[in-house]
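One-based numbering, in listed order, for ligands and for the atoms of each. Note that these values count all heavy atoms, side chains included, but never hydrogens, waters or copies made by symmetry.
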Amino acid sequence: MEPNTVADDLVLRRDEGAVALLTLNRPKALNALNQPLLTRLAERLREVGTDDAIRAVVLTGSGEKAFVAGADIAEMADYDAATAQHFALVGQSVFNHIASLGKPVIAAVNGFALGGGLELVLACDFAIASQKAKFGLPEVTLGVIPGFGGTQRLARLIGRHNALRWILTGDVHGADDALRLGLVTQLVEPEQLQSVALEVAQRVASRGPVALAAARQVVDQGWDLPLADGLRKEAAAFGRLFKSADQKEGMAAFLQKRPAKFLGK
Ligand code: DAK
């Protein structure tokens with residue numbers, strides 16, 4: 001697939017080897033999520049999801065200021081109940097798509113990740129952030145609550161009290177707080193963010209694709225389950241991997257002291 005450099009494309013795609021870099025591209029509105037942007041993101045996710053050459057995805061925002069400053073407030077302001085519900089369904093399907101993509105999605109948080117932007121980070125596998133990134137769920141300042149999973153995923157990730165403090169105050173937090181609470185796994189200098197995220201993604205992309213898909217699926221499935229049930233899912237997935245060519249190749253390569261050449265099968 002040719003790299004997309006069309007400036008007015010709402011989600012740019014650039015491939016670097018087996019990694020697709022998707023850039024949300026509405027910088028004048030701080031990459032706020034409106035319906036066209038969400039629809040384009042869904043298309044891009046479908047594209048990279050079905051492209052066998054792509055084994056990992058990095059998601060970032062255009063411009064220096066924002067990853068995503070939330071759902072588009074101007075678009076939402078006059079919604080009636082039916083339109084709001086439709087918007088929620090479009091948004092939820094995008095977020096679910098990330099979970100079911102079968103390929104790791106890493107957020108490279110380059111600036112504000114507020115509201116729906118933070119929820120997008122929560123939907124990714126993990127996040128690397130610029131030291132200048134800012135995080136928060138300011139929905140209550142607008143008279144609403146997080147609607148793309150924030151009330152559920154943030155509490156599971158950083159704990160009930162931390163999540164409620166964030167949600168009930170609507171405060172904006174610095175990158176250090178996000179790192180301390182485990183919302184992001186690494187902070188880097190702003191100008192190094194993209195290269196570090198791509199480098200980590202390349203490393204992920206070099207691993208067995210069937211195993212990557214299984215690992216993220218089992219982690220997600222187990223999140224809500226009693227440990228014993230989660231462990232059963234892990235054992236079942238572990239067993240299934242022994243039917244894959246990737247398992248044969250990975251172990252043969254180790255024993256033959258050579259790098260593995262995974263086929264994703
Ligand atoms: N929506 C629309 N436009 C936005 C925006 C947003 N969320 N955030 C920023 N912009 C626009 C600004 O209006 C401004 O546009 P112009 O005036 O230049 O035309 C431009 O981006 C630059 O922003 P500022 O001039 O405000 O820049 P500052 O540096 O002064 O401030 C800021 C940056 C990020 C602190 C500020 O822009 C800000 O507070 N933005 C709003 C942040 C926010 O409240 N985000 C949460 C949105 S609520 C749902 C599912 C999900 C959701 C809701 C419902 N359902 C299930 C139905 C999610 C809700 C949210 O995300």
#### Entry: Distance-minimising heavy-atom pair for A32 and L37
O-CD2, 3.4 Å
Return yes if some donor-acceptor pair links the side-chain N/O of [X] with the main-chain N/O of [Y] below 3.5 Å, else return no.
X    : Y    : result
D80  : T83  : yes
T60  : T23  : no
D246 : G208 : no
D15  : G17  : no
N110 : G61  : yes
K103 : V48  : yes
N31  : R26  : yes
Q202 : E16  : yes
N96  : Q92  : yes

Closest to [atom] among [options] (heavy-atom distance):
atom                    : options             : answer
atom 18 (O) of ligand 1 : K28, K134, R26      : K28
atom 6 (C) of ligand 1  : A66, A71, P146      : A71
atom 47 (C) of ligand 1 : L142, L114, T83     : L142
atom 1 (N) of ligand 1  : L30, L118, L33, I73 : I73
atom 3 (N) of ligand 1  : A77, A113, A32      : A32

### Task
Looking only at distances, please establish whether an N/O atom of ligand 1 is found under 3.5 Å from an N/O atom of A69.
yes
### Message
Is there a polar contact, in the sense of an N or O pair closer than 3.5 Å, between E119 and ligand 1?
### Response
no
Is there a heavy atom of [X] sitting under 4.0 angstrom from any atom of ligand 1?
X    : result
V144 : no
M76  : yes
G91  : no

Protein residue, atom and distance nearest to [atom], heavy-atom basis:
atom                    : result
atom 10 (N) of ligand 1 : A29 O, 3.8 Å
atom 30 (O) of ligand 1 : K65 NZ, 4.5 Å
atom 55 (N) of ligand 1 : A88 CB, 3.7 Å

### Task
Under 4.0 Å, heavy atoms only, figure out whether ligand 1 is touched by the backbone of Q85, its side chain, both or neither.
neither
Within the protein, is there a heavy atom lying under 4.0 Å from [atom]?
atom                    : answer
atom 28 (P) of ligand 1 : yes
atom 38 (C) of ligand 1 : no
atom 8 (N) of ligand 1  : yes
atom 21 (O) of ligand 1 : yes
atom 25 (O) of ligand 1 : no
atom 42 (C) of ligand 1 : yes
atom 16 (P) of ligand 1 : no
atom 45 (N) of ligand 1 : yes

### Task
Decide ring pair (Phe, Tyr, Trp, His ring centres under 6.0 Å) for F67 and F135; before the verdict, give the C-alpha distance in whole Å, the side-chain angles of both, and the deciding distance to 0.1 Å.
CA-CA 10 Å; F67 175 70; F135 300 81; 8.6 Å; no
Provide the number and element of each atom of ligand 1 under 4.0 Å from a heavy atom of [X].
X    : answer
G147 : 49 (C), 50 (C), 51 (C), 56 (C)
A84  : 57 (C)
G116 : 60 (C), 61 (O)

### Message
Please check if the number of heavy atoms outside F254 that lie under 6.0 Å from its CZ is greater than 12.
### Response
no
### Query
With a cut-off of 6.0 Å (strictly less than), are more than 12 heavy atoms of other residues, nucleotides or ligands near CD of Q85?
no
### Query
Should E249 and K265 count as an ion pair when the cut-off is N to O under 4.0 Å?
no
